[in-house]
A.B. asks: 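What follows is a structure written as C-alpha cells; I'll ask about it next.
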Amino acid sequence: MKLKIAVLPGDGIGPEIIDQALKVVNAVCNKKGHETEYTRGLVGAAAIDDSGDPYPEETHRICMESDAVLFGAIGDPRFDNDPKARVRPETGLLTMRKKLGLYANIRPIMTFPSLLHKSPLRKDLVEGAEFIAIRELTGGIYFGRPQGRSEDGNTAYDTCVYHRYEIERICRLAFDFAMKRKKKLTMVDKANVLATSRLWRETVQELAGDYPEVEVDYMFVDNAAMQIIQWPKRFDVLVTENMFGDILTDEASVITGSLGMLPSASIGLHTSVFEPIHGSYPQAAGKNIANPLATVLSAALMFEYAFDLHKEASLIRQAVEASLLAGIVTQDIEPLNAATTSEVGDLLADWIEKSKQF
Ligand code: IPM
Ligand code: MG
C-alpha cells in the first residue's frame with residue numbers, strides 16, 4: 001500500500017518528536033512492504049516566521065492532497081505574553097481544524113502497566129483505567145462570533161455557538177464508538193447553566209432513540225472533572241463540546257502518569273490529522289529530551305484510522321510497551337538515567353525491525 005502522508009512538525013519540540021515518529025513509521029512500512037510519500041509543510045510560529053501566515057495555503061493544499069497528516073505541536077512563547085499580537089501560532093491549528101472539517105477529536109486515555117507508579121493517583125484507581133474522550137473540535141466558544149473587545153477596550157466577549165447538525169454528527173460518532181465498546185456513553189455538559197448545553201442534551205436524548213442498547217449518562221462538567229480523578233474507571237466513551245473536552249483531556253492525561261504519552265486523532269470531512277495531545281514544550285526545544293511516545297502513538301492511530309492497518313498499529317504499541325518495560329524512556333518518566341528523544345526513537349525502530357511478527 002502507498003501511504004501519502006503530510007508531515008507538519010510545527011514548533012518547539014515538534015520537529016524532534018516527529019522525527020522519531022517517522023523512524024517508527026518507516027520501520028513498520030519497511031517491514032510490511034508499504035511505500036511512503038512524505039510532504040512537509042509549515043504551520044504555527046514556524047510558518048509565521050516564513051510567510052506571516054500560521055496556516056499557509058500551501059500547507060492546506062499539502063494536507064488536502066494527502067491521505068493523513070502527522071502533526072507535531074504548535075505554540076511559541078514569543079507570542080504568549082503579547083495580548084495584542086496580530087497573528088498567533090495557535091490560530092494556525094484552529095484554522096487547520098476548521099478548513100479540514102476536523103469536527104471529532106478522539107483522545108484515548110490509557111494507562112500503561114509499567115507506568116502506574118508515575119501516576120499521582122493511587123494504583124488501584126489507575127490500574128486498568130481506559131476510556132475514549134471524544135471532543136467536538138470545530139464549534140463552540142473556540143469559533144463563535146462575535147468575539148472581541150468593546151471600542152473602549154474595557155469589555156471583552158466570546159460567543160459559544162452550536163448548531164444542531166454539529167452536535168448530531170459528533171454524537172452519532174460517539175454512539176457508534178459506544179456500540180463497539182461497552183455500550184456506555186457519558187455526555188458531559190453544563191446544561192444547568194448554558195443554552196448550548198441544553199441543545200446538546202436535547203439532541204443526545206433524541207439520538208439515544210436510535211441506539212436503544214447504549215446506556216447514556218448525562219454529567220455536568222464540574223462533576224465530570226471530579227469523577228475523572230476520583231474514579232476514572234467509571235468512564236468508557238465520553239463525548240463533550242470543544243472547550244470542556246480541551247480541559248478534561250489535559251486533566252485525564254494525568255492519570256497516565258505523563259502528558260507525554262497520549263495521542264489523538266482528529267477526523268472529519270477531509271484528511272485526518274494525528275497529533276499528540278501535549279503542546280510544543282518550548283523549554284525543551286532542540287535539547288533532545290522530550291518524550292516522543294505520544295507522537296509515536298499518534299502514528300499508530302494513523303495506521304488504524306487513516307489506512308485501516310491494524311497490525312501495523314499494534315506493532316507500534318507493542319514497541320512502546322517494550323521501551324517502557326526496558327526503561328528506555330525520557331526524563332519526564334525517568335528523571336535519573338533518562339534516555340534521549342532520539343534514543344527512544346531508535347530503540348522503537350530497532351525493536352520493530354527485529355520483531356518476528358510478520
Ligand atoms: C489542544 C490545544 C489547543 C486547543 C491549543 C494549542 C489551541 O490545547 O489541542 O488541546 O486548545 O485546542
Ligand atoms: Mg489542550
Side-chain angles (χ1 to χ4, degrees), residues 8-15 17-18 21 42-48 53-55 59 63 69-83 85 87-109 132-144 147 158-162 166 170 188 221 224-225 228 238-256 258-268 272-285 290-291 294-295 297-298 301-302:
L8 272 47
D11 306 323
I13 55 168
I17 54 178
I18 282 285
L42 290 172
V43 68
I48 295 178
D53 183 348
Y55 184 61
T59 302
C63 292
V69 180
L70 201 52
F71 191 97
I74 232 172
D76 186 314
R78 279 183 294 153
F79 300 84
D80 286 347
N81 296 319
D82 178 4
V87 282
R88 317 183 68 83
E90 288 79 4
T91 316
L93 183 58
L94 300 184
T95 310
M96 179 182 79
R97 288 173 179 170
K98 199 72 178 175
K99 284 178 103 172
L100 293 176
L102 303 171
Y103 62 82
N105 184 217
I106 296 158
R107 298 186 163 182
I109 312 299
I132 294 198
I134 300 179
R135 167 188 177 196
E136 200 289 329
L137 204 58
T138 51
I141 202 162
Y142 273 62
F143 294 96
Q147 179 192 61
D158 297 283
T159 311
C160 188
V161 183
Y162 268 110
E166 293 177 299
I170 182 93
V188 174
V221 62
I228 282 176
L238 182 160
V239 65
T240 191
E241 63 99 69
N242 202 344
M243 173 108 113
F244 296 161
D246 177 44
I247 299 168
L248 291 180
T249 51
D250 258 31
E251 186 197 8
S253 75
V254 163
I255 301 168
T256 308
S258 167
L259 183 57
M261 294 300 298
L262 291 186
S264 85
S266 300
I267 62 180
S272 300
V273 174
F274 301 87
E275 58 170 316
I277 84 160
H278 62 68
S280 61
Y281 192 12
Q283 306 84 331
N291 186 346
T295 315
L297 291 168
S298 300
L301 288 179
M302 174 181 80

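Just follow the structure's listing: the first ligand is 1, and inside any ligand the first atom is 1. Hydrogens, waters and symmetry mates are skipped; everything else that's a heavy atom, side chains included, is used.
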A.B. asks: If you have a sec, work out which protein heavy atom is nearest atom 2 (C) of ligand 1 and how many Å separate them, to one decimal?
C.D. replies: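 Nearest protein contact, heavy atoms only, for atom 2 (C) of ligand 1 is Asp246 OD1, 4.0 Å.
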
A.B. asks: Pick one of side chain, backbone, both or neither for how Arg135 approaches ligand 1, counting any non-hydrogen atom pair under 4.0 Å.
C.D. replies: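 It is the side chain that gets close, since no backbone atom is under 4.0 Å.
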
A.B. asks: State the CD1-OG1 distance between Ile134 and Thr249, to the nearest 0.5 angstrom.
C.D. replies: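 So the gap between those two atoms works out to 12.5 Å.
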
A.B. asks: For ligand 1, which atoms sit closer than 4.0 Å to a heavy atom of Arg97?
C.D. replies: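 Counting from 1, the qualifying ligand atoms are 1 (C), 4 (C), 9 (O), 12 (O).
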
A.B. asks: Answer yes or no: is there a side-chain heavy-atom contact under 4.5 Å between Asp250 and Leu259?
C.D. replies: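 In contact.
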
A.B. asks: Glu136 side chain to Thr138 main-chain N or O, any donor-acceptor pair under 3.5 Å?
C.D. replies: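 Looks like yes, one N/O pair under 3.5 Å.
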
A.B. asks: Write down the atom of Tyr103, the atom of Ile170, and the distance for their closest heavy-atom approach.
C.D. replies: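 Shortest heavy-atom separation between Tyr103 and Ile170 comes out as O-CD1, 3.4 Å.
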
A.B. asks: Quick one: how many protein N/O/S atoms are under 2.8 Å away from the Mg ion (ligand 2)?
C.D. replies: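 For the Mg ion (ligand 2), protein nitrogen, oxygen or sulfur atoms under 2.8 Å: 1.
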
A.B. asks: If you round to the nearest 0.5 Å, how far is OG of Ser266 from CZ of Arg107?
C.D. replies: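 Answer rounded to 0.5 Å: 7.0 Å.
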
A.B. asks: For atom 6 (C) of ligand 1, what is the closest protein heavy atom, and at what distance to 0.1 Å?
C.D. replies: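 Checked against all protein heavy atoms, atom 6 (C) of ligand 1 sits closest to Glu90 CG, 3.8 Å.
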
A.B. asks: So, using ring pair (Phe, Tyr, Trp, His ring centres under 6.0 Å) as the criterion, who are the partners of Tyr55 when residues are at least two apart?
C.D. replies: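 Tyr55 satisfies ring pair (Phe, Tyr, Trp, His ring centres under 6.0 Å) with His60 once adjacent residues are dropped.
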
A.B. asks: Return the set of residues passing salt bridge (Lys or Arg N to Asp or Glu O under 4.0 Å) with Lys98 (not counting sequence neighbours), or none when no residue passes.
C.D. replies: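 If we apply the salt bridge (Lys or Arg N to Asp or Glu O under 4.0 Å) test to Lys98, skipping adjacent residues, there are no hits.
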
A.B. asks: Taking 4.0 Å as the limit for heavy-atom contacts, which would you say applies to Arg107 with ligand 1: side chain only, backbone only, both, or neither?
C.D. replies: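 The answer is the side chain of Arg107.
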
A.B. asks: Search all heavy atoms of Ile267 against all heavy atoms of Ile106 and return the closest pair with its distance.
C.D. replies: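 What the structure gives for the nearest pair is CD1-CD1, 3.5 Å.
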
A.B. asks: Could you work out, with salt bridge (Lys or Arg N to Asp or Glu O under 4.0 Å) as the rule, every residue matching Glu275, not counting sequence neighbours?
C.D. replies: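 Checked Glu275 against salt bridge (Lys or Arg N to Asp or Glu O under 4.0 Å); matches are Arg97.
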
A.B. asks: For atom 4 (C) of ligand 1, what is the nearest protein heavy atom, given as residue, atom name and distance?
C.D. replies: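 Answer, as residue, atom name and distance: Tyr142 OH, 3.5 Å.
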
